[in-house]
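Okay, so here's the structure we're looking at.
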Amino acid sequence: MKFAVVVFPGSNCDHDAYHAVKHVLGADAEFVWHKEADLKGADVVILPGGFSYGDYLRTGAIARFSPIMAPVVAFAEAGGPVLGVCNGFQVLTEVGLLPGGLLRNRSVKFLCEQVHVRVEAIDTPFTCAATAGQVLRMPIAHGEGNYFAPPDVLDALEANRQVVFRYCDAGGEIIDAANPNGSARGIAGLCNARRNVVALMPHPERACESAVGSADGLVVLESAVAALGSDGMLRTG
Amino acid sequence: MKARVFVTLRPSVFDPQGQTIADALHSMGYGGVQDVRQGKYFELDLDAATPDAARALAGEVADKLLANPVIESYRVEVD
């Protein structure tokens, strides 16, 4: 079982993701440069955090036209598990695999801090090893994490249970004071209708070892292993 | 032929940068500035024979790249 970690010019969490997969999770991992034409036979794709193309124009707006994105879209449309973290989330909304967009934080400040999120859906390949309502402590580091979608789209996301992570306090309560960036309905992460594409603003790959403050994020990667099983077939829900 | 593309957040989208600028102007004493919306401005140098062709090309690249229709709208002007 192999994870591909896509590397755009300006990605800066690619090594964190690679380390978490290879050295903490113990699975195979391979970097895939954005100019590559294929995903090298990967079973799971991670679009990591960072500042692809310097965040020029809009976050993720230029990365979504990188050559690797055609194979990423094809992989996702074939049901392959794709995880977007932070800038990876922004790229996935720009390319249209996830609805909505990420706006400037309501405070207009870059936020680098620990947050709590509640797992709202466990029938995805990146949350199936978690328990419903589990509270995860993970860091955020972003200037544009304020999730926006029109009200009708938000209602559809709720109706389809596509909200996967919501900002909460340490006890799991969804309160505005625990929403760091002004995201609509406290949305920290969501999935597509098919549930194989999952993205979130917090960084699970930076919260996989207690030595760095939290190991709560490891369950996101462990879920992919559980979802794929030994034969590489996706089974969730 | 030149085209100018103005990209702004949709009216329903909160603009924290514009709000911050408006707050700064109010603290400077410019109470007459009621609201500020920040946007982006692009100057395109186009290989197009007619204003209509220039407008069509500018609109196409605005749709595909310059603006994100989920959060932004745009306006094109052609010389």
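In what follows, every chain begins at residue 1, and chains take the letters A, B, ... in the order their sequences are listed.
- Residues A/Leu103 and B/Leu9 are in side-chain contact: their nearest non-hydrogen atoms beyond the backbone lie under 4.5 Å apart.
- In the displayed structure, A/Glu113 atom CD is contacted under 6.0 Å by more than 12 heavy atoms of other residues, nucleotides or ligands.
- A distance of 11.5 Å separates CG in B/Asn68 from CD in A/Gln90, rounded to the nearest 0.5 Å.
- Under a cut-off of 6.0 angstrom, the local environment of CG in B/Asp47 is sparse, with at most 12 non-hydrogen atoms contributed by other residues, nucleotides or ligands.
- Atom CZ in A/Arg58 sits 6.5 Å away from atom CG in B/Leu65 (nearest 0.5 Å).
- Proximity to chain A (any heavy atom under 4.5 Å) is shown, for B/Val13, by both the backbone and the side chain.
- Both the backbone and the side chain of B/Ser12 come within less than 4.5 Å of a heavy atom in chain A.
- Atom OH of A/Tyr56 has 12 or fewer heavy atoms from other residues, nucleotides or ligands within 6.0 Å.
- Taking all atoms of both residues into account, the shortest heavy-atom contact from B/Val70 to A/Gly101 is CG1-N, 4.2 Å.
- There is no contact between B/Gln19 and chain A, counting heavy-atom distances below 4.5 Å.
- The number of heavy-atom neighbours closer than 6.0 Å to NZ of A/Lys109, taken from other residues, nucleotides and ligands shown, is 12 or below.
- Within 6.0 Å of CZ in B/Phe14 there are more than 12 heavy atoms belonging to other residues, nucleotides or ligands.
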